[in-house]
Amino acid sequence: MIHTMRWFGPNDPVSLMDIRQAGCAGVVSALHQIPVGDVWSTEAIEERKALIEAGNQQFTKLQWLVVESLPVHEHIKKGLPTRELYIENYKQSLKNLAACGIKTVCYNFMPVLDWSRTQLDYTMPEGHKTLRFVWEDFAIFDLYILRRPNAAADYEPEIQQSASEKFDRMSPDEISYLTNTVLLGLPGSEEAFNLINFQSLLNAYARIDDRQLRENLYYFVKEVAPVAQELGTNLCIHPDDPPRSLLGLPRVVSTEADFEELMQASNVRANGITFCTGSLGVRADNDLVNIIERFGDRIHFVHLRTTKREDGTRNFHEAPHLHGDVDMYAVVKALLAEEQKRMEAGYQDHALPMRPDHGFQMLDDLHKKTYPGYSAIGRLKALAELRGLEIGIKRSLII
């Protein structure tokens with residue numbers, strides 16, 4: 001696999017030199033400063049590319065290998081007539097990226113919110129801090145802070161009761177922390193959602209059910225994937241995180257069956273998958289190795305992380321990369337087998353770009369401000385562990 005790390009641009013407290021020293025050959029980045037739906041110009045792309053490659057004459061080379069993400073405009077997700085404009089802009093951005101040599105593009109189709117957590121500083125027994133999702137706390141936000149109409153139907157009676165009791169005990173600071181955490185903007189963005197207008201964003205999906213959102217996604221890929229195929233670009237959708245409905249919004253990229261339907265919607269190899277073990281692994285019914293074996297040819301980008309499902313609840317937290325619910329040994333072995341198949345078939349892109357996802361906040365990074373899940377030392381630890389696992393598996397297969 002090609003080892004990479006995510007870099008959020010010039011304002012990222014983790015530097016390109018940090019990423020280089022971690023042993024990465026590739027950088028995963030995006031132009032977060034460009035409004036969603038606008039075309040990414042070749043000038044803006046080349047400017048970011050030049051930043052990433054600036055030290056290549058003196059140090060180990062870095063390349064911008066993956067875009068994460070080229071966001072999909074909400075009008076496309078909602079299937080509005082104006083989606084045609086934004087789809088054409090998306091195609092042009094893909095063309096401009098390809099002209100600059102960047103041909104792996106990650107995106108997601110989660111409505112309104114991207115990934116969702118209720119705590120950004122959950123302390124592990126070793127003293128690390130990590131991300132956590134607590135169903136009861138999410139219910140507190142939904143039922144008693146946002147006060148979404150008819151929200152009670154989405155929560156078990158015992159969760160409603162415990163959420164009510166806990167909310168009554170919360171201080172204003174605790175309520176503010178939970179609100180700001182749930183409404184956190186996209187990674188890399190300096191903007192979060194505002195509670196005042198958030199309900200109006202949800203209302204825009206009032207008539208969009210699971211099937212309609214799927215149809216809007218399939219319309220998008222039918223338009224865009226053939227263009228990507230002609231360009232030699234790999235599009236790869238990120239699974240829902242967490243992989244279940246939240247706030248009454250459907251989520252349609254959560255299971256193996258979802259992937260099957262999406263792959264059939266546009267049967268070209270460019271219509272592919274970002275294989276995120278953390279997102280998919282939250283659900284016990286997702287067989288990750290089987291997904292690799294079924295859809296390996298469509299996997300274009302890999303996120304390796306694991307979560308730990310907490311007993312008897314819908315709660316989970318980000319776990320050590322080799323010790324959560326994901327069988328990382330089996331997953332990496334299956335991914336290496338997929339790479340071998342590609343090599344034997346003569347694929348030029350036989351090596352999968354991989355990044356360690358969501359590292360712990362630990363050591364000196366406990367005293368620094370970083371993007372949640374994207375501190376330097378935690379990801380360095382994760383990459384070291386994953387690199388060792390990968391080399392060990394390769395050596396065992398050779399022997």
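Residues: numbered from 1 along the sequence shown. Keep in mind it's a predicted model, so treat the numbers as computed, not measured.
Look at D154 and R148 and you find a salt bridge, because one of the NZ, NE, NH1 or NH2 atoms lies within 4.0 Å of a carboxylate O, short of that distance. Taking 4.0 Å as the cut-off between side-chain N and carboxylate O, D240 and R244 do not count as a salt-bridged pair. Ionic pairing of D349 and R269 is present here: one or more N-O contacts between side-chain nitrogen and carboxylate oxygen are shorter than 4.0 angstrom.
With hydrophobic clusters built from ILVMFWY side chains whose heavy atoms lie under 4.5 angstrom apart, F109 does not share a cluster with V268. V282 and M110 fall into different hydrophobic clusters, where Ile, Leu, Val, Met, Phe, Trp and Tyr are joined by side-chain heavy atoms under 4.5 Å apart, directly or via other members. Side-chain heavy atoms closer than 4.5 Å link hydrophobic residues (I, L, V, M, F, W, Y) into clusters, and following such links, even through other members, never connects L383 to L65. Grouping the Ile, Leu, Val, Met, Phe, Trp and Tyr side chains by contacts below 4.5 angstrom, directly or via other members, places V28 apart from V14. In the hydrophobic clustering of this structure, L288 groups with L389; members are Ile, Leu, Val, Met, Phe, Trp, Tyr whose side-chain heavy atoms approach within less than 4.5 Å, directly or through other members.
Between the side chains of H3 and E390, at least one donor-acceptor pair of N or O atoms lies under 3.5 Å. Defined by atom type and a distance below 3.5 Å, a donor-acceptor pair is present between the side-chain atoms of E318 and H358. Between the side chains of Y155 and D142, at least one donor N or O lies within less than 3.5 Å of an accepting N or O. Side-chain contact, D18 with S15: a donor N or O sits under 3.5 Å from an acceptor N or O. In summary, the side chains of Q161 and E165 do present a donor paired with an acceptor at a separation below 3.5 Å, with no hydrogens or angles considered. Side-chain contact annotation: D297 with Y347, donor-acceptor N/O pair under 3.5 Å present. For R283 and S254, the side-chain atoms include no donor-acceptor pair closer than 3.5 Å. Using a 3.5 Å distance cut-off with no hydrogens or angles, the side chains of S176 and D173 do not pair a donor with an acceptor.
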>> Let's go through D258 and R251 carefully: what are the C-alpha distance in whole Å and the side-chain angles of both, what is the deciding distance for salt bridge (Lys or Arg N to Asp or Glu O under 4.0 Å) to 0.1 Å, and is it a yes or a no?
In response: CA-CA 10 Å; D258 293 337; R251 291 197 164 192; over 6 Å; no

> So E256 and N290, side chain to side chain donor-acceptor pair (under 3.5 Å) or not? Walk me through it.
Replying inline: CA-CA 9 Å; E256 184 174 330; N290 191 61; 2.9 Å; yes

>> Run the salt bridge (Lys or Arg N to Asp or Glu O under 4.0 Å) test on E156 and R314 for me, step by step, so that the C-alpha distance in whole Å, both residues' side-chain angles and the decisive distance to 0.1 Å come before the verdict.
In response: CA-CA 11 Å; E156 305 88 337; R314 295 191 186 187; 3.8 Å; yes

> Q92 and E88: side chain to side chain donor-acceptor pair (under 3.5 Å), yes or no, with the steps?
Replying inline: CA-CA 6 Å; Q92 188 59 54; E88 289 307 310; over 6 Å; no

>> Using salt bridge (Lys or Arg N to Asp or Glu O under 4.0 Å), reason through E174 and R169 one step at a time and then give a plain yes or no.
In response: CA-CA 10 Å; E174 290 171 329; R169 298 191 302 269; over 6 Å; no

> Can R117 and D137 be said to form a salt bridge (Lys or Arg N to Asp or Glu O under 4.0 Å), step by step?
Replying inline: CA-CA 10 Å; R117 299 291 186 270; D137 290 345; over 6 Å; no

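In this structure, the side chain of H73 does not engage the main chain of D38 through any donor-acceptor pair within 3.5 Å. A donor-acceptor pair under 3.5 Å links the side-chain atoms of S245 to the main chain of L249, judged by distance alone. At distances below 3.5 Å, at least one donor-acceptor pair connects side-chain atoms of E339 with backbone N or O atoms of M1. Proximity of a side-chain donor or acceptor of R379 to a complementary backbone N or O of I19 within less than 3.5 Å is not detected. Remark: the backbone N or O of N216 is not paired with any side-chain donor or acceptor of K77 at under 3.5 angstrom. Q361 places no side-chain N or O within 3.5 Å of a backbone atom of D121 that could act as its donor or acceptor partner. T306 places a side-chain N or O within donor-acceptor distance of the main-chain N or O of D325, the cut-off being under 3.5 Å. Under the 3.5 Å distance criterion, the side-chain polar atoms of N271 are left unmatched by any main-chain donor or acceptor of L235. Put simply, the side chain of W64 gets close to the backbone of V66: a donor and an acceptor are under 3.5 Å apart. Between the side chain of N89 and the backbone N or O of V39 there is no donor-acceptor pair closer than 3.5 Å.
Below 30°, between 30° and 60°, or above 60°: for F133 and F316 the angle between ring planes is below 30°, a parallel geometry. In this pair, F8 and H32 present their aromatic rings tilted. The plane angle is within the 30 to 60° band. Taking the six-membered ring where the residue is Trp, Y90 and F220 present perpendicular rings, their angle passing 60° and hence far from 30°.
For the pair N96/W40, no side-chain contact is recorded, criterion being any heavy-atom separation below 4.5 Å from C-beta on. Contact annotation: the side chain of Y371 approaches that of P13 to within less than 4.5 Å [non-hydrogen atoms, C-beta and beyond]. Looking only at side-chain heavy atoms (C-beta outward), T179 and F198 stay at 4.5 Å or farther from each other. Taking 4.5 Å as the limit, some side-chain heavy atom of Q119 sits within range of a side-chain heavy atom of Y177. At a threshold of 4.5 Å between non-hydrogen side-chain atoms, the residues Y374 and M5 do not count as touching. You'll find the side chain of S279 reaches within 4.5 Å of the side chain of H238, heavy atoms only. Annotation: side chain of E47 is not in contact with side chain of L31 (no heavy-atom distance under 4.5 Å). Within the 4.5 Å cutoff, side-chain heavy atoms of K91 are placed close to those of E223.
A pairwise comparison of heavy atoms in D365 and A376 identifies OD2-N, 3.2 Å as the closest pair.
Atoms CG and OG, from L363 and S375 in turn, are 9.5 Å apart once rounded to the nearest 0.5 Å. Between atom CD1 of residue I237 and atom CG of residue N108 there is a gap of 7.0 Å, rounded to the nearest 0.5 Å. Atom CG of residue L62 and atom OG of residue S29 lie 11.5 Å apart, to the nearest 0.5 angstrom. Rounded to the nearest 0.5 angstrom, I52 CD1 and K61 NZ are separated by 15.0 Å. The distance from the CG atom of L70 to the OG atom of S93 is 5.5 Å, given to the nearest 0.5 Å. Rounding to the nearest 0.5 angstrom, the gap separating the OH atom in Y329 from the OG atom in S396 is 5.0 Å.
For Q63, the CD atom is loosely surrounded, since the number of other residues' heavy atoms within 6.0 Å does not exceed 12. Few gaps surround CD on E310; more than 12 heavy atoms of other groups in view lie less than 6.0 Å from it. Around CG of N150, the count of heavy atoms belonging to other residues, nucleotides or ligands within 6.0 Å does not exceed 12. Environment of NZ in K49: crowded, with over 12 heavy atoms of neighbouring residues, nucleotides or ligands closer than 6.0 Å. Within 6.0 Å of CD in Q348 there are 12 or fewer heavy atoms belonging to other residues, nucleotides or ligands. Atom CZ of R211 has more than 12 heavy atoms from other residues, nucleotides or ligands within 6.0 Å. The number of heavy-atom neighbours closer than 6.0 Å to CD of Q57, taken from other residues, nucleotides and ligands shown, is 12 or below.
At least one test fails for R298 against the ring of F259: distance under 6.0 Å to the centre or angle within 45° of the axis.
The only member of T181, L195, I175 that meets side chain to side chain contact (heavy atoms under 4.5 Å, CB included) when paired with F141 is L195.
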